[in-house]
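Scroll down for the structure; my scribbles are underneath it.
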Amino acid sequence: MVNLEFYKMSGHGNDFVIVDNWEGQIPATEMPGLARAVCRRQQGVGADGMVFIEPGPDEVDFAWRFYNSDGSEAEMCGNAARCAARFAYMTGIAPAEMRFMTLAGVIEAEVRPDSVRIRMTPPSGAELDCVLDLDGSEWKFCGINTGVPHVVTWVDDIQSVKVFEVGRAIRFHPRFKPAGTNVNFVENFSGNRLGVRTYERG
């Protein structure tokens, strides 16, 4: 048993449990199970994900390991990165302008009094005008990796789309194995406005 000190932080509606693991008190083999238990709503602390802050290579201020609430390790998460940067600054791990290592690459962050800005890794792997077969139904989509893979599919009515059912089917489709993908359902409103609903891995 370990007495585990943690912070609970929120970034634009996503909440995360953040742990200073600088001394390695939580081994990597225990992180997935711990994340599942701690992130469970009503039975644990409850969170969308769990972040472990650790030493990184010389060119960065620290490294992180990020786990979704289901215990799967993810390459990157923008809102979690903002929270991790605030945490590192608050605890003296990093200066206000910092760099940290993720599985997606090096993230640059700037902590301000009332906000945190991050520079994510350059997007890659853009795919346009693709078609996916879901049980005989065709879904047109575009794909891009912003540190984690995303599928973007346009819909006529974002309120009626079955985000969980269709999103899960796309996320686990053989085309995106083994990592899977996040799925963004987008409706083009008038006045240069977009509505987005997202199914996330983990």
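Values below: every heavy atom of this structure, side chains too, minus hydrogens, waters and symmetry copies. We're numbering straight along the sequence, starting at 1.
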Between [X] (side chain only) and [Y] (backbone N and O only), is there a donor and an acceptor less than 3.5 Å apart?
X	Y	value
T153	F185	no
T198	E200	no
N184	V152	no
N182	H150	no
S69	G202	yes
N68	D70	no

Set out, in order, the CA-CA distance, both residues' side-chain angles and the distance that settles side-chain contact (heavy atoms from CB on, under 4.5 Å) for E97 and R117, then state yes or no. CA-CA 10 Å; E97 295 186 13; R117 298 181 65 182; over 6 Å; no

Heavy-atom side-chain proximity of [X] to [Y] below 4.5 angstrom:
X	Y	value
V186	V155	no
T181	Y199	no
H173	L134	yes
W139	V151	no
L4	V19	yes
V111	R82	no
W22	I53	yes
V45	K8	yes

Ignoring hydrogens, what is the shortest heavy-atom contact between [X] and [Y]? Give both atom names and the distance.
X	Y	answer
G71	P32	O-CB, 3.4 Å
F16	C77	CZ-SG, 3.9 Å
V60	R99	CB-O, 3.4 Å
V106	T121	O-CG2, 3.8 Å
M101	P57	CE-CG, 3.9 Å
P95	D61	CD-OD1, 3.7 Å

Are [X] and [Y] in one and the same hydrophobic cluster, where Ile, Leu, Val, Met, Phe, Trp and Tyr link if side-chain heavy atoms are under 4.5 Å apart?
X	Y	result
M50	F87	no
L132	F164	yes
V148	V196	no
F6	I93	no
I158	F141	yes

So that I can tick it off, tell me whether E110 and R112 are bridged by a salt bridge, with the cut-off set at under 4.0 angstrom between side-chain N and carboxylate O.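 A salt bridge is present here (some side-chain N lies under 4.0 Å from a carboxylate O).
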
N-O pairing of R201 and E75 below 4.0 Å: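 Answer for the salt bridge query: yes.
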
Candidate pair W154 and E187, rule side-chain contact (heavy atoms from CB on, under 4.5 Å), full reasoning: CA-CA 6 Å; W154 297 91; E187 181 180 354; over 6 Å; no

Interatomic spacing from CZ in R65 to CE in M31 - rounded to 0.5 Å: 5.5 Å

Supply the atom-to-atom distance S115 OG to R86 CZ, rounded to the nearest 0.5 angstrom. 7.0 Å

Contacts satisfying side-chain hydrogen bond (donor to acceptor under 3.5 Å, both in side chains) that involve residues 41-60 (not counting sequence neighbours) are N14-D48, D15-R41, N21-E54, R41-D48

Positive for side-chain contact (heavy atoms from CB on, under 4.5 Å) with F52, one of I18, D20, V17, L34: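 Exactly one candidate clears the test, L34.
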
Heavy-atom count check: over 12 atoms from other residues, nucleotides or ligands less than 6.0 Å from D156 CG? no

Should we say atom OH of Y89 is surrounded by more than 12 heavy atoms from elsewhere, each under 6.0 Å from it? no

Test: salt bridge (charged side-chain N to carboxylate O under 4.0 Å, His left out). Region: residues 159-182. Which pairs qualify, not counting sequence neighbours?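 Salt bridge (charged side-chain N to carboxylate O under 4.0 Å, His left out) check on residues 159-182 returns E127-R175.
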
For the pair F62 and F100, name the ring-plane relationship: parallel under 30°, tilted 30 to 60°, perpendicular over 60°. parallel

Show the numbers, then the answer: is there a side-chain contact (heavy atoms from CB on, under 4.5 Å) between V51 and Y7? CA-CA 10 Å; V51 177; Y7 280 56; over 6 Å; no

Could you walk me through whether L103 and M76 pass the side-chain contact (heavy atoms from CB on, under 4.5 Å) check? CA-CA 7 Å; L103 292 180; M76 177 54 188; over 6 Å; no

From CA spacing to verdict: ring pair (Phe, Tyr, Trp, His ring centres under 6.0 Å), F66, W64: CA-CA 6 Å; F66 175 76; W64 85 350; 5.5 Å; yes

